[in-house]
Amino acid sequence: MTAPVDTIAAIATPPGFGGVGIIRLSGPAVPTLAQVLLGSLPPPRMARRGRFCDAAGAAIDEGLALYFPAPRSFTGEDVLELQGHGGPVVLDLLLARCLSLGARLARPGEFSERAFLNGKLDLAQAEAVADLIASGSAAAARAAMASLQGAFSEEVNSLAEAVIRLRVYIEAAIDFPDEEVDFLADAEIGRQLDALREHLTRLQAQAGQGRLLRDGLTVVIAGPPNAGKSSLLNALSGDETAIVSAHAGTTRDVLRTQIVIDGLPLHVVDTAGLREGHDPVEQEGIRRARAAVAQADRVLFVLDHSQLPPGPPPMPADLLRQHDLPADLPVTVIHNKIDLTEAAPGLQAAAVPALRISVATGAGLDDLRAHLKDCAGYIGSGTGVFSARRRHLDALTRAATHLDLADVRLRHDRAGELAAEELRLAHDALGEITGSFTSDDLLGRIFSSFCIGK
């Protein structure tokens with residue numbers, strides 16, 4: 001993609017009513033548009049109060065104008081921000097005036113896209129802008145800010161530079177075959193490659209934590225009616241999100257809420273009780289429950305512990321088969337209502353873990369929260385964590401695969417040319433993260449997910 005030459009405009013504040021509304025413009029025609037709209041070009045990077053005029057010279061609004069001449073702006077182009085009153089009609093009139101003067105309505109994410117194309121941000125930093133806006137917790141916001149400031153990019157670039165150095169060494173040796181040195185037997189090559197792989201493993205772990213902070217974990221609460229599923233949702237969320245009743249089949253639809261456990265966002269879904277429903281509405285609720293279960297990162301299958309028959313608890317595989325659920329579900333069996341029995345709270349670790357709790361008394365809920373963090377592989381939101389996306393993890397995984405293959409080519413196959421090619425592919429995969437090696441289609445998909453005006 002090449003840097004555009006037209007001028008774009010958009011409303012940069014959220015829809016609705018507010019004290020302040022902002023119109024943002026970027027492109028080569030900004031100085032001319034500012035002259036017409038304001039009567040003169042504001043001084044660079046200094047707020048100036050003025051009237052924003054229509055074609056007849058009448059004031060549409062008045063407020064502050066900020067002018068950022070290229071290249072010292074967010075996009076690297078001439079940028080103008082008009083900060084007026086935050087009414088939707090006023091902002092629409094002002095935006096229409098900008099468009100009538102030759103600006104074009106910006107696409108979603110086009111300001112950030114121009115910042116990337118003009119070298120103001122790399123791709124990982126540009127994505128961090130959207131992640132910062134969409135942060136669901138303070139920890140996620142801090143991680144996104146770390147990525148925006150370049151923490152993730154620095155790690156990726158450091159790794160990419162090390163790959164280049166090793167690749168150059170190998171390719172240089174290939175280019176001079178007359179040298180009486182078997183470079184493939186050089187222990188330093190093996191040490192460098194081992195260090196690269198260790199570095200990448202650490203980076204994958206950090207990126208995995210960043211992805212969890214950004215995307216969170218989808219947890220679906222399922223099970224038979226009257227087991228306490230809705231009560232568990234309310235207990236986890238700390239709010240009366242779901243209606244709780246002793247009447248079976250109270251929950252007819254899928255209820256969703258978001259909570260945060262030690263910085264980890266959880267998307268918690270309550271579902272209709274799984275049984276043979278005869279009411280068409282309940283049948284639809286059960287169908288939706290099964291669809292939600294199929295998309296879950298973790299299923300909490302809730303049972304009423306006080307209603308279980310004497311003897312060993314039911315096997316998880318039998319429970320899943322009984323309710324026509326996939327055998328490979330990532331499931332934890334929750335034995336609720338232990339306050340009605342003599343059972344003690346706690347986790348039973350197994351291939352399919354089981355946890356005894358009482359929603360009524362709160363017993364075992366802390367164990368459940370800790371268990372959910374363990375299921376996600378979440379360590380914490382301490383220093384060194386940055387925001388990351390699934391595509392970043394995919395690129396790191398492909399880079400790791402190519403480094404492993406390079407090791408095989410060197411130490412087993414003794415094929416320097418093939419090892420150099422694997423290093424090139426690893427470098428390309430890393431380049432996709434920061435945008436130094438990527439496709440126009442990928443850029444289009446990334447920036448189209450941003451909000452308009454950013």
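Below, each value reflects all heavy atoms present in this structure, side chains not excepted, and no hydrogens, waters or symmetry copies. By convention here, the first residue in the shown sequence is residue 1. Every value quoted in this text rests on a predicted model; they were computed, and no experiment measured them.
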Is there a donor-acceptor pair under 3.5 Å between the side chain of [X] and the backbone N or O of [Y]?
X	Y	value
S135	L132	yes
Q83	V20	no
D61	H85	yes
T201	R197	yes
R391	E432	yes
K229	P224	yes
R298	V219	no
R411	G190	yes
N336	A227	yes
S387	A143	no

Positive for side chain to side chain contact (heavy atoms under 4.5 Å, CB included) with L94, one of I11, L99, I23, I22: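 That would be I23.
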Option passing side chain to side chain contact (heavy atoms under 4.5 Å, CB included) with S306 (candidates T341, D339, I338):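 The option that passes is T341.
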Is the shortest side-chain heavy-atom distance between [X] and [Y] below 4.5 Å?
X	Y	value
P88	F17	yes
L300	L368	yes
D367	I357	no
L148	V129	yes
L308	H335	yes
L365	L232	yes
L212	Q209	yes
L418	L410	no

T218/Q295 under side-chain contact (heavy atoms from CB on, under 4.5 Å): CA gap, chis, key distance, verdict: CA-CA 8 Å; T218 298; Q295 299 175 357; over 6 Å; no
Of the non-hydrogen atoms in [X] and [Y], which two are nearest, and what is the gap between them?
X	Y	answer
H305	A343	NE2-CB, 3.6 Å
H392	E127	NE2-OE1, 2.7 Å
V359	A235	CG1-CB, 3.9 Å
D78	V30	O-CG2, 3.4 Å
A126	S112	CB-O, 4.5 Å
A139	L213	CB-CD2, 3.9 Å

Check this for me: does any side-chain nitrogen of one of [X] and [Y] sit under 4.0 Å from a carboxylate oxygen of the other?
X	Y	value
R389	D131	yes
E110	R104	yes
R390	D394	no

Trace of the salt bridge (Lys or Arg N to Asp or Glu O under 4.0 Å) decision for R191 with D194: CA-CA 5 Å; R191 283 193 292 268; D194 289 340; over 6 Å; no
Taking atom [atom1] of [X] and atom [atom2] of [Y], what is their separation to the nearest 0.5 Å?
X	Y	atom1	atom2	result
L372	Y378	CG	OH	13.0 Å
I261	L266	CD1	CG	4.5 Å
I433	E155	CD1	CD	11.0 Å
Q204	L393	CD	CG	8.0 Å
S26	N118	OG	CG	8.0 Å
H427	L159	NE2	CG	9.5 Å

R409 and E421: CA distance, side-chain angles, deciding distance, side-chain contact (heavy atoms from CB on, under 4.5 Å) verdict: CA-CA 10 Å; R409 299 292 181 253; E421 175 62 12; over 6 Å; no
Distance-only polar pair, side chains of S237 and T257, donor-acceptor under 3.5 Å: no
Distance under 6.0 Å and angle within 45° of ring axis: R24 vs F111: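 Yes - R24 lies over the ring of F111, closer than 6.0 Å to its centre and within 45° of its axis.
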Worked verdict on T13 versus L91 for side-chain contact (heavy atoms from CB on, under 4.5 Å): CA-CA 10 Å; T13 40; L91 288 172; 4.0 Å; yes
Whether F386 and F152 hold their rings parallel, tilted or perpendicular, with breakpoints at 30° and 60°: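 Ring orientation of F386 relative to F152: parallel.
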K120 and Q125: CA distance, side-chain angles, deciding distance, side-chain contact (heavy atoms from CB on, under 4.5 Å) verdict: CA-CA 9 Å; K120 306 297 288 187; Q125 289 175 301; over 6 Å; no
